[in-house]
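See below for the structure under consideration.
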Amino acid sequence: MKYRTPKGVQDILPPEVSVWQKIENVARRVFSVYGYQEIRPPIIEFTELFVRGIGEETDIVEKEMYTFQDRAGRSITLRPEGTASVVRAYIQHHLYNLPSPQRFYYMGPMFRYERPQKGRYRQFHQIGVECFGEDTPRVDAELMHMLFRYLEAIGLRDLSFEINSIGCRQCRPRYREKLLQFLSSKREQLCTDCLRRYSRNPLRVLDCKVPECIEATKGAPAVTEYLCANCQEHFGSLKRYLEQLGLTFRVNPRMVRGLDYYTRTTFEVLSSELGAQNAVAAGGRYDDLVEEFGGPPTPAIGFAVGVERLATLIMERADTEGPRLFGYFATLGERATEEAMGLASRLRDRGLWVEMNYRPEASLKSQLRKANRMKAMYVFILGEEEIQKGVIRYKRMDDGFQSEVKLSDFVAFITGSMVQES
RNA sequence: GUGAGCGUAGCUCAAUGGUUAGAGCACUGGACUGUGGCUCCAGGGGUUGUGGGUUCGAGUCCCAUCGCUCACCCCA
């Protein structure tokens, strides 16, 4: 085969597209009643935006970005995530002058240069939301509840919600120090990866799956115990609101996110059916990012769902039916085939999906077989005999019933009685 | 970037180192001159991913390479 898609990118073929459309349509419907409006940032941005937003030390920035120089020598990057762009747009267009909170959603492709595996691709798609201008945990709870409602609306159950608070500019450095203190005594027990993490991003050590590391970090201090008074209150209220909303969740003090901009609330929605890449959605608060990007101090929170991951969960449940073919014109001979073109066109004008035979010499048998395979509800048979008599035969494929109508009455007959019964 | 598994017909898979690489599904046609699904019959389809090597002989063994998959790392 001469041409294939590049590694980690794929075609979404029609049966799957109908699942995607459902995922997108339900998102639009659910998010809009919470006041979210669609925003469409570009797919390329200046590289600097992501480096500053996501964090220079993160894996995404260090080794996963699709970066290139444009013809003027500027460094451009295919977006690896959506939040940085939305924050940029929020500031660039002075949207902070509109009444708070300002809420946006977006959907589209993201790009990360990683080795693909189940649920992880180089071009993947996210549906994300961002809410600017409110720091109350009520907004956190509302947003997480909206996510839950959304997942419920597209038919997913058995998902687990995990939440955490990773503190703010005041309390996180303090916790980091405590953790380093604790880990320094355990250094011989840690795996090589964790020794690297120890100096670069010690919070990650808590997330390690190597049994020795899990053992070594058993008594490690939890972030949630070192929150400052404000963060503690924020987190406590959030948990209370979530309970009030009836959303069951688990506090996971070891949950660490891979993007540097998060503050306070972080959360993930996990499925056990997805293999190693088990997060269908994830998000958190980023109260400092707008200011860091040069906007006014503006608290914010958002999440993103992975469309491919949702789609695989839905596909495993089958029943992914697209629209059904209404009618197929089976024709015999040149005259009949020409006549069918006109009739098909008139039915299509009435909004009916119809197909026709294009080869006058094809056998009726082969045409019926084809119509059957296309799952046509009706076959309209037009041959020399019918043309002579001025009629057209119609056949209902479910039960094989057939009869004929005058050609002059055909369109009215079809758009009248038959459409209603189907 | 690291590791493992797998590459045979459009799809799912057979074939102890030994004739001409098979089967099911799908496709086309026939049994049934203009009537689908069920059944039976026939037919078209292959550089066994690619390139080397070992051997009298390689789909099978070895090496390399490409691709796919899963996992690590990390994340949606």
Side-chain angles (χ1 to χ4, degrees), chain A residues 1-8 10 23 54 57-64 79-83 106-128 147 191-194 196-197 200-201 204 207-210 255-259 266-271 274-284 302-313 328 330-333 336 357 360-387 393-402:
Chain A
M1 205 171 304
K2 197 163 178 189
Y3 294 115
R4 294 185 52 86
T5 49
K7 188 195 287 284
Q10 56 193 332
I23 289 170
I54 298 165
E57 302 274 283
T58 58
D59 281 15
I60 293 178
V61 168
E62 277 189 342
K63 51 191 197 198
E64 294 175 2
R79 63 181 184 191
E81 60 108 40
T83 300
Y106 58 86
M107 44 186 72
M110 307 291 164
F111 303 85
R112 291 181 201 172
Y113 192 88
E114 299 181 90
R115 285 277 283 267
Q117 68 186 70
K118 187 178 171 73
R120 190 175 71 189
Y121 311 98
R122 289 186 172 179
Q123 175 178 339
F124 62 101
H125 296 74
Q126 289 187 335
I127 300 177
L147 172 57
C191 69
T192 50
D193 282 335
C194 281
R196 208 185 61 238
R197 293 180 187 122
R200 282 204 28 207
N201 192 348
R204 288 230 152 270
D207 211 27
C208 187
K209 283 132 202 147
V210 176
M255 187 174 79
V256 182
R257 312 286 346 280
L259 292 78
T266 60
F267 57 93
E268 290 184 352
V269 183
L270 308 174
S271 163
L274 283 176
Q277 311 302 317
N278 61 351
V280 299
F303 65 75
V305 306
V307 177
E308 283 82 356
R309 294 179 187 181
L310 282 190
T312 58
L313 287 177
Y328 185 88
T331 58
L332 297 159
N357 170 49
E361 73 282 7
S363 74
L364 182 59
K365 184 191 194 62
S366 69
Q367 294 184 50
L368 276 161
R369 197 162 38 224
K370 185 167 173 178
N372 185 53
R373 256 196 7 116
M374 294 169 88
K375 298 192 175 111
M377 290 189 277
Y378 294 95
V379 171
F380 309 122
I381 301 168
L382 198 59
E384 284 303 323
E385 287 173 27
E386 285 79 9
I387 297 272
R393 301 190 67 77
Y394 63 92
K395 175 166 182 161
R396 203 191 297 143
M397 296 299 273
D398 297 355
D399 59 2
F401 171 82
Q402 57 178 309

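Quick note on labels: first sequence line is chain A, next is B, and so on, each numbered from 1.
In this structure, the side chains of A/Leu313 and A/Arg309 stay at 4.5 Å or more apart for every pair of heavy atoms. Side-chain contact between A/Phe303 and A/Val269: absent, with no pair of heavy atoms (C-beta onward) separated by less than 4.5 Å. When side chains are defined from C-beta on, A/Tyr106 counts as touching A/Thr83, because their heavy atoms get closer than 4.5 Å. Using a 4.5 Å cut-off on side-chain heavy atoms (C-beta onward), A/Tyr378 and A/Arg396 make contact. The shortest side-chain heavy-atom distance between A/Leu259 and A/Thr58 does not fall under the 4.5 Å cut-off. Side chains of A/Val305 and A/Val280 form no contact here, defined as non-hydrogen atoms less than 4.5 Å apart. A/Met397 places a side-chain heavy atom less than 4.5 Å from the side chain of A/Val379. The side-chain heavy atoms of A/Glu81 and A/Ile60, taken from C-beta on, include no pair separated by under 4.5 Å.
Comparing A/Thr5 and A/Val269 by the nucleotide of RNA chain B that holds the closest heavy atom to each, the one mapping nearer the 5' end is A/Thr5. When each of A/Glu308 and A/Lys63 is assigned the nucleotide of RNA chain B with its nearest heavy atom, A/Lys63 is the one assigned upstream, toward the 5' end.
Contact between the side-chain N/O atoms of A/Lys7 and the OP1/OP2 oxygens of B/C68 is found at a separation under 4.0 Å. Here A/Gln117 does not reach the OP1 or OP2 of B/C70: none of its side-chain N or O atoms lies under 4.0 Å away. Under 4.0 angstrom from either OP1 or OP2 of B/C74 there lies no side-chain N or O belonging to A/Gln277.
With hydrogens and angles disregarded, a donor-acceptor distance shorter than 3.5 Å links the side chain of A/Arg79 to the backbone of A/Pro109. Between the A/Arg122 side chain and the A/Phe111 main chain, no donor and acceptor come within less than 3.5 Å of each other. A donor-acceptor pair under 3.5 Å is formed between the side chain of A/Gln367 and the backbone N or O of A/Thr331. Side chain of A/Gln123 to main chain of A/Gln10: no donor-acceptor pair is present (N/O by atom type, distance under 3.5 Å, no hydrogens or angles).
Whole-Å rounding puts the A/Met107 CE to B/A76 P distance at 18 Å. Across the protein-nucleic acid pair, A/Gln10 atom CD and B/A76 atom P stand 18 Å apart, rounded to whole Å. Distance, A/Arg112 CZ to B/C74 P: 14 Å, rounded to whole Å. The nearest whole Å value for the distance from the NZ atom in A/Lys118 to the C1' atom in B/C70 is 10 Å. Between A/Arg122 atom CZ and B/U69 atom C1' there is a gap of 14 Å when expressed in whole angstrom units.
Comparing B/G34 with B/U39, their C1' atoms sit 22 Å apart, to the nearest whole Å. Between B/U12 and B/U47, the two C1' atoms lie 23 Å apart (nearest whole Å). Atom name C1', nucleotides B/U35 and B/G30: the rounded distance is 16 Å, in whole Å. Distance noted for atom P between B/U55 and B/A15: 27 Å (whole Å). For B/C13 and B/U8, the C1' atoms lie 9 Å apart once the distance is rounded to whole Å. Going from the P atom of B/A42 to that of B/U65 covers 47 Å, rounded to whole Å. Distance check on atom P: B/C74 versus B/U48 gives 43 Å, rounded to whole Å. When the C1' atom is compared between B/U54 and B/A23, the two are found 32 Å apart, to the nearest whole Å.
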Heavy atoms under 4.0 Å is the rule here; annotate nucleotides 25-37 of chain B 5' to 3' with B where the base is hit, S where only the sugar-phosphate is, and - elsewhere. -SS-S--B-BBBB
Under a 4.0 Å heavy-atom criterion, the protein footprint on nucleotides 1-6 of chain B, written with B, S and -, is BBB---
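Among the duplex regions that RNA chain B forms, those built from at least three successive Watson-Crick or G-U pairs under 3.5 Å are B:1-7 with B:66-72, B:10-13 with B:22-25, B:27-31 with B:39-43, B:49-53 with B:61-65, ordered by first number.
Looking at heavy-atom distances under 4.0 Å, A/Ala371 makes no contact with the nucleic acid at all. Nucleic acid contact for A/Val379: none, since no nucleic acid atom lies under 4.0 Å from a heavy atom of the residue.
Annotation: the span from A/Tyr328 atom OH to A/Lys395 atom NZ amounts to 14.5 Å, rounded to 0.5 Å.
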